[in-house]
Amino acid sequence: MSKFALVIPPNHLHRHHHHHLFLLFLLISAINAVPSSATTTTNNDQKFKEAPQFYNAPTCPSINGTTNEMCSHEAVHVAMTLDAAYLRGSMAAIFSILQHSSCPQNILFHFVSTSTADHRHLLLTITHSFPSLKFQIYPYDSSVVSGLISTSIRSALDSPLNYARNYLADLLPHCIHRIVYLDSDLVLVDDIAKLAATPLDENTVLAAPEYCNANFTSYFTPTFWSNPTLSLTFAGRKPCYFNTGVMVIDLQKWREGDYTIKIIEWMELQKRIRIYELGSLPPFLLVFAGTIAPVDHRWNQHGLGGDNYRGLCRNLHPGRVSLLHWSGKGKPWVRLDANRPCPLDALWAPYDLLQTPFALES
């Protein structure tokens, strides 16, 4: 007997099949309406299904057999953080990336996890669900940054792992020049190779979708703006908000420009004078806003988790969709388990590899 799988074909995600989505939403709700005793498992008790195997198209360049596959310039390098709390989201993200890639066997994953995490459990979990995945786990000494973190509006934003993106250039092999950094609360519905190929000129270190309609001043305190020396930071730049959950980074230029040090210097200042409110984002804005390469907004339909306080349901932004991002307080797996999903959580559910206590059979 084959197991029943909730998988939307990729082309369905680009159309407005409201009827199909409504039926899918009802089915997901029914599947998640299991007794509470079956759903209240700890993160280490989570079991994940094996994903289908994905193969390269005939036109893909081969990276197999190269001297050092991890350093291949033909590969698409993806960096993500990995921990028990967000593991379910990470597994869905990986699945979505592979499913929509033309050359899935050319994607190399670089997972950063705290040095205190159960690396063996993480490795076995990923290997079980993705037996052919090319990946490496990098231990991250969170004590390096823990003393620099200032409390913000939501405790989850203060996790040391949120700051691991500052240290990618140090953690990853120096032979890797370009990386796509992704958060764990998102899914792709397009080929990641397109995002990875974002043009970066010789002076540009980072690319991300910019949102110039956002109130940029609100990310910094009145203390910052009232200090002439500090506010001159943005002189000659046209700074716009960008979300650090989806970035294309030239690691070689990052290293050459000592950008980790530049971010740390702002964090050290924040410990002495409170110049911003929101976690790991403002130091990136201080260093990069107004100097990044633009990326089409379809690559970060962000904010689907609602705001950082209540996590209310939100709709998609107008335009095309290549990546759905549940940034904000509300995570789709939490809302689905609580049987209180938002309508758009139905678009995350097909990528959920969690092994449910029972399976529907066809």
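Numbers for residues simply follow the sequence, beginning at 1.
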Exercise. Are F284 and W266 an aromatic pair by the rule of ring centers under 6.0 Å?
Worked result: no
Exercise. Rounded to the nearest 0.5 Å, what separation is found between the CD1 atom of I176 and the CD atom of Q252?
Worked result: 12.0 Å
Exercise. Taking everything shown except R340 itself, do over 12 heavy atoms lie less than 6.0 Å from its CZ?
Worked result: no
Exercise. Please, which pairs that meet ring pair (Phe, Tyr, Trp, His ring centres under 6.0 Å) have at least one residue in residues 176-198, sequence neighbours excluded?
Worked result: H73-H177
Problem set entry | Side chains of D345 and W326, donor plus acceptor under 3.5 Å | yes
For this session: Using ring pair (Phe, Tyr, Trp, His ring centres under 6.0 Å) as the criterion, point out the one residue from Y276, F234, F242, Y241 that pairs with F216.
Result: F234
Exercise. Are a donor atom and an acceptor atom from the side chains of Q105 and S132 found within less than 3.5 Å of each other?
Worked result: no
Problem set entry | Aromatic contact, F130 with F109 (centres under 6.0 Å) | no
For this session: Check whether I63 and Y55 end up in the same hydrophobic cluster, where Ile, Leu, Val, Met, Phe, Trp and Tyr are linked by side-chain heavy atoms less than 4.5 Å apart.
Result: no
Problem set entry | Value rounded to 0.5 Å, distance of OG in S226 from CD1 in I275 | 11.5 Å
Exercise. Atom CG in L304, atom NZ in K331: separation rounded to 0.5 Å?
Worked result: 9.5 Å
Problem set entry | I273 reachable from L286 in the ILVMFWY side-chain graph, under 4.5 Å edges | yes
For this session: Apply ring pair (Phe, Tyr, Trp, His ring centres under 6.0 Å) to Y167 and W254, showing your working.
Result: CA-CA 10 Å; Y167 300 91; W254 182 293; 9.3 Å; no
For this session: Ignoring hydrogens and angles, state whether a donor on the side chain of H325 or N300 is under 3.5 Å from an acceptor on the partner side chain.
Result: yes
For this session: Could you tell me whether H128 and F48 have their ring centroids closer than 6.0 angstrom?
Result: no
Exercise. More than 12 foreign heavy atoms under 6.0 Å from CG of N215: is that the case here?
Worked result: yes
Exercise. Can a donor-acceptor pair be found between the side chains of R274 and T223 at a distance below 3.5 Å?
Worked result: no
Exercise. H317 vs H302 aromatic rings, parallel, tilted or perpendicular, using cut-offs 30° and 60°?
Worked result: tilted
Problem set entry | From CG (L230) to CH2 (W225), nearest 0.5 Å | 10.0 Å
Exercise. Does H174 have any ring-ring contact (aromatic ring centres under 6.0 Å, His included) partners at least two apart in sequence or in another chain, and if so, which?
Worked result: none
For this session: Would you check if the distance from the ring center of H77 to the ring center of H110 is below 6.0 Å?
Result: yes
Exercise. How long is the gap from CG on L98 to CG on L188, to the nearest 0.5 Å?
Worked result: 10.5 Å
For this session: Can you measure from CG (L123) to OG (S113) and round to the nearest 0.5 angstrom?
Result: 11.0 Å
